[in-house]
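Everything below concerns the one structure shown next.
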Amino acid sequence: MPPLTKDVIKFGHFIVTSQVFHLSPLSFALVNIKPLLPGHVLVSPRRIVPRFNDLSIDEVQDLFLTVQRVSRMVERVFKATSLNIAIQDGVDAGQSVPHVHAHIIPRKRADLEGFGGTDAIYSMMEGEDGDLDRHFNERSGSDPSTTTNGQGRGKFPAVDADESRTPRNEEEMEREAQWLAEEMAKDEKEYG
Ligand code: AMP
């Protein structure tokens with residue numbers, strides 16, 4: 001599948017073009033560098049603004065329609081039965097990337113049993129480190145063997161609740177983005 005766009009797409013100051021699997025007129029969806037659970041993706045407005053209240057009416061409409069489309073796809077593809085859809089709006093709410101983004105996390109019954117239960121997802125989100133900057137920068141020009149897990153597309157490892165889990169490398173994220181772009185295309189045929 002060809003790249004979705006020739007434009008450079010930024011999430012905050014990160015260049016994430018190869019991680020983008022869906023584009024709408026005012027928003028984009030990208031795969032997560034450090035998913036809390038399989039299928040944890042993000043949806044952002046194309047315009048880089050930190051707070052939800054900075055968005056225009058058109059951007060809010062487009063963002064939420066995109067969240068709905070993307071959440072339908074990840075729920076199907078990751079065989080989930082529920083979803084967390086969340087925006088940490090501002091630093092004091094746990095936001096670490098100053099660019100509005102909705103987290104979409106496919107959920108299954110008892111998926112966090114042993115990690116504090118269903119609602120443990122909130123402390124996991126809260127606990128996401130601000131250290132990703134360092135990892136992301138190191139990775140461009142980094143040794144991919146440190147993060148490649150060698151698993152094929154569609155077989156992304158279950159993410160555990162361990163804070164020390166390693167950020168994924170570009171190749172793995174790109175593979176997932178291509179797969180999810182194809183799945184979005186299937187939905188588009190069905191739902192328009
Ligand atoms: P928050 O703490 O609500 O701001 O969430 C930030 C989210 O962005 C987390 O889920 C991170 O794993 C994710 N993230 C940070 N940097 C990147 C990146 N370069 N590419 C993809 N996801 C990222």
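One-based numbering, in listed order, for ligands and for the atoms of each. Please read these numbers as outputs of a predicted model, since none were measured by experiment.
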Inset, instruction - Before signing off on this row, confirm whether G94 and ligand 1 have an N or O atom pair separated by under 3.5 Å. - result: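 Between G94 and ligand 1 (N or O atoms, distance only) the closest approach is under 3.5 Å.
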Legend entry - H40 touching ligand 1 at heavy-atom level, < 4.0 angstrom: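 Distance cut 4.0 Å: H40 passes for ligand 1.
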Inset, instruction - Give a yes/no on ligand 1: does V31 have at least one heavy atom closer than 4.0 angstrom to it? - result: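 Yes; V31 lies near enough to ligand 1 that a heavy-atom distance drops under 4.0 Å.
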Candidate with minimal heavy-atom separation from [atom], of [options]:
atom                    : options         : value
atom 10 (O) of ligand 1 : V97, L30, N32   : N32
atom 4 (O) of ligand 1  : P167, S96, G127 : S96
atom 3 (O) of ligand 1  : Q95, H103, M125 : H103

I'd like to check which ligand 1 atoms, numbered from 1 as shown, lie under 4.0 Å from a non-hydrogen atom of [X].
X   : result
Q88 : 1 (P), 2 (O), 3 (O)
K34 : 12 (O)
F14 : 16 (N), 19 (N)

Inset, instruction - Please work out whether any backbone atom (N, CA, C, O) or any side-chain heavy atom from C-beta onward of H101 is under 4.0 Å from ligand 1, and answer side chain, backbone, both or neither. - result: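 Side chain only.
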As an exercise, state the distance from [atom1] of [X] to [atom2] of [Y], rounded to the nearest 0.5 Å.
X    : Y    : atom1 : atom2 : result
R107 : T81  : CZ    : OG1   : 9.0 Å
S24  : E59  : OG    : CD    : 10.5 Å
E176 : L30  : CD    : CG    : 10.0 Å
I121 : I105 : CD1   : CD1   : 4.0 Å

Inset, instruction - Determine, using ring centers only, whether H101 and F11 are less than 6.0 Å apart. - result: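 Ring-ring flag for F11/H101: true, centres closer than 6.0 Å.
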Inset, instruction - State whether F28 and R46 meet the cation-pi test: NZ (Lys) or CZ (Arg) under 6.0 Å from the six-membered ring centroid, and within 45° of the perpendicular axis. - result: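 Not satisfied by the 6.0 Å and 45° rule.
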Legend entry - Heavy-atom donor-acceptor pair, D7 side chain to I9 backbone, under 3.5 Å: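 It does not hold such a pair.
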